[in-house]
2 protein chains.
Amino acid sequence: MGVSTADGPTARFDAFVASCPSRRLLETIGDKWASLVIVALGLEGRMRYSELSARIAGVSQKMLTQTLRGLERDGLLTRTVTPSVPVRVDYELTPLGLSLIETLRHLKEWAEAHMAEVDRAREEYDRKNDSAGRS
Amino acid sequence: MGVSTADGPTARFDAFVASCPSRRLLETIGDKWASLVIVALGLEGRMRYSELSARIAGVSQKMLTQTLRGLERDGLLTRTVTPSVPVRVDYELTPLGLSLIETLRHLKEWAEAHMAEVDRAREEYDRKNDSAGRS
DNA sequence: CTGGATCCCCCCCGATACTG
DNA sequence: CAGTATCGGGGGGGATCCAG
């Protein structure tokens, strides 16, 4: 709140309001671990907590759990507890989560097509600012 | 380091390595202000620093400058200084930056089509955990 | 007008220890 | 096996002042 005092003619394009769907989506999948969890589940189908933990190298228990809770809350995946000993918990994408994978593929395609350009731009930019510097 | 000791058969899918293009792209556009700058420039074409500052409500000078530098480094936009008094600086998307807008549109489309579902899922999730809570 | 420099707070996140 | 609770460091990012 505070960004847009009125919902009327003040907001010309909604992309700049916090409630804009696109921005909220970016906050979700822009999350480092969230997208990895989604991709992993998209590839493997259904995974246990320990499988996810092993698959996504570098994630801590805390972040994995936190990420899974968030995605479950968003309705992107389901959490299934099998009350055995020891407990078994499985995670699986919902149809909603599966549909998101299509979108992630578009991102992947752009990245694979253009990230090399980004690399070159970075090298050039860094080279200019490392040696010659400013002014 | 430590994530992938070997580049050989250890890494089965590159999406989980930090150098994966998709992940790097997500780090870029997942940045709160970066995507807003890109969208703004995509709509308006060419904008001055002050125009961007006014257009993207809530961004601080520091973050705006920092974001612009990052995007310039990535080759997504150009920075043009007109040495008048006072100085005038214009920002404009490069062809590379323009191509990224197409990708952002896919995100937008998914968001507009499905974010309502996410909202419903959240409400339901919160309602269940606010009242009944945990066992 | 554009933005660099500095201070500083907050929150994210990793590490560790403990529970069912 | 699958978490929760807690502590603490580090960095993101806002506010402010200053420079070109």
Side-chain angles (χ1 to χ4, degrees), chain A residues 1-3 18 23 26-37 40-41 46-73 77-92 125 128-130 132-135, chain B residues 1-3 18 23 26-37 40-41 46-73 77-92 125 129 132-135:
Chain A
M1 36 212 154
V3 174
R23 281 191 56 171
L26 276 175
E27 286 172 15
T28 299
I29 64 175
D31 201 59
K32 182 177 179 180
W33 305 117
S35 53
L36 293 182
V37 167
L41 289 176
R46 162 183 276 240
M47 299 177 77
R48 303 185 55 174
Y49 181 89
S50 51
E51 290 174 331
L52 280 166
S53 182
R55 190 77 176 76
I56 306 174
V59 67
S60 64
Q61 288 182 5
K62 181 180 178 179
M63 289 309 347
L64 181 54
T65 299
Q66 187 173 300
T67 301
L68 289 168
R69 289 289 181 281
L71 294 176
E72 185 194 3
R73 188 172 103 106
L77 55 80
T78 58
R79 177 174 180 268
T80 310
V81 182
T82 305
S84 55
V85 180
V87 191
R88 175 197 179 100
V89 183
D90 288 283
Y91 296 91
E92 189 171 17
Y125 184 93
K128 277 193 292 193
N129 289 119
D130 282 350
R134 60 198 95 272
S135 84
Chain B
M1 35 211 150
V3 174
R23 283 190 55 174
L26 276 174
E27 285 171 15
T28 299
I29 64 175
D31 200 59
K32 183 177 179 180
W33 305 117
S35 53
L36 293 182
V37 168
L41 289 177
R46 160 182 276 241
M47 300 177 76
R48 302 186 55 175
Y49 180 89
S50 51
E51 290 174 332
L52 280 166
S53 181
R55 190 75 175 76
I56 305 174
V59 68
S60 65
Q61 291 180 1
K62 181 182 177 179
M63 283 293 92
L64 182 54
T65 299
Q66 187 172 302
T67 301
L68 289 168
R69 287 292 179 281
L71 294 176
E72 185 194 3
R73 188 173 102 105
L77 55 81
T78 58
R79 178 174 181 267
T80 310
V81 182
T82 305
S84 53
V85 180
V87 192
R88 175 197 178 99
V89 182
D90 288 285
Y91 294 92
E92 189 171 18
Y125 183 94
N129 291 118
R134 61 200 104 271
S135 64

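So you know, we letter chains A, B, ... as the sequences are listed, proteins then strands, and number each from 1. Quick caveat: nothing in here was measured; it's all calculated off a predicted structure.
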Produce the list of close N/O pairs, under 3.5 Å, pairing protein atoms with atoms of nucleotides 14-16 of chain D; give distances to one decimal.
unit_1: D:dG14; atom_1: OP2; unit_2: B:Ser60; atom_2: OG; d: 2.8
unit_1: D:dG14; atom_1: O6; unit_2: B:Lys62; atom_2: NZ; d: 2.4

- Query: Any side-chain heavy atom of B:Gln66 within less than 4.5 Å of one from B:Arg69?
  - Reply: no
- Message: Quick check: closest heavy atoms across B:Ala40 and B:Met47, and the distance to 0.1 Å?
- Response: O-SD, 3.8 Å
- Query: So among A:Leu68, A:Thr80, A:Val37, which one has a side-chain contact (heavy atoms from CB on, under 4.5 Å) with A:Tyr91?
  - Reply: A:Leu68
- Item | With A:Ser53 via side-chain contact (heavy atoms from CB on, under 4.5 Å) - residues at least two apart | A:Leu64
- Query: Between B:Tyr91 and C:dG3, does any side-chain N or O lie under 4.0 Å from OP1 or OP2?
  - Reply: yes
- Message: Measure CG/A:Asn129 against C1'/C:dG4 and give the value in whole Å, please.
- Response: 14 Å
- Residue set satisfying salt bridge (charged side-chain N to carboxylate O under 4.0 Å, His left out) with B:Glu27, at least two apart, ordered chain then number -> none
- Task: Calculate, to the nearest 0.5 Å, the distance between atoms CG and OG1 belonging to B:Leu77 and B:Thr67 respectively.
- Result: 10.0 Å
- Query: Between D:dG3 atom C1' and A:Glu72 atom CD, what is the distance in whole Å?
  - Reply: 13 Å
- Item | With A:Thr65 via side chain to side chain donor-acceptor pair (under 3.5 Å) - residues at least two apart | A:Tyr49
- Message: Using heavy-atom distances to pick each residue's nearest nucleotide on DNA chain C, tell me which of A:Gln66 and B:Leu68 is more 5'.
- Response: B:Leu68
- Message: In whole Å, I'd like the distance from the CG atom of A:Leu64 to the C1' atom of C:dG14.
- Response: 14 Å
- Query: Which pairs with one or both residues in residues 79-90 of chain A pass salt bridge (Lys or Arg N to Asp or Glu O under 4.0 Å), sequence neighbours excluded?
  - Reply: A:Arg46-A:Asp90, A:Arg88-A:Asp90
- Message: Report for the helix from C:dC1-D:dG20 to C:dG20-D:dC1: angle between first-end and last-end helix axes, five pairs each, rounded to 10 degrees.
- Response: 40°
- Of the candidates C:dT2, C:dG4, D:dG3, the side chain of A:Arg69 sits closest to D:dG3
- For the pair made of CG in A:Asp31 and P in C:dC12, what is the distance, rounded to whole Å? 10 Å
- Query: Do you know which two heavy atoms are closest between B:Lys32 and B:Leu36, and how far apart they sit?
  - Reply: O-CG, 3.6 Å
- Ignoring backbone atoms, test whether A:Ser50 places a side-chain nitrogen or oxygen under 4.0 Å from the OP1 or OP2 oxygen of D:dA2. yes
- Query: Looking at B:Arg79, does any N or O in its side chain come under 4.0 Å of the phosphate oxygens OP1/OP2 on C:dT2?
  - Reply: no
- When rounded to whole Å, the CG to P distance for the pair B:Leu52 and C:dC1 reads 14 Å
- Task: Would you please confirm or rule out a distance under 4.0 Å between OP1 or OP2 of C:dC1 and any side-chain N or O of B:Arg48?
- Result: no
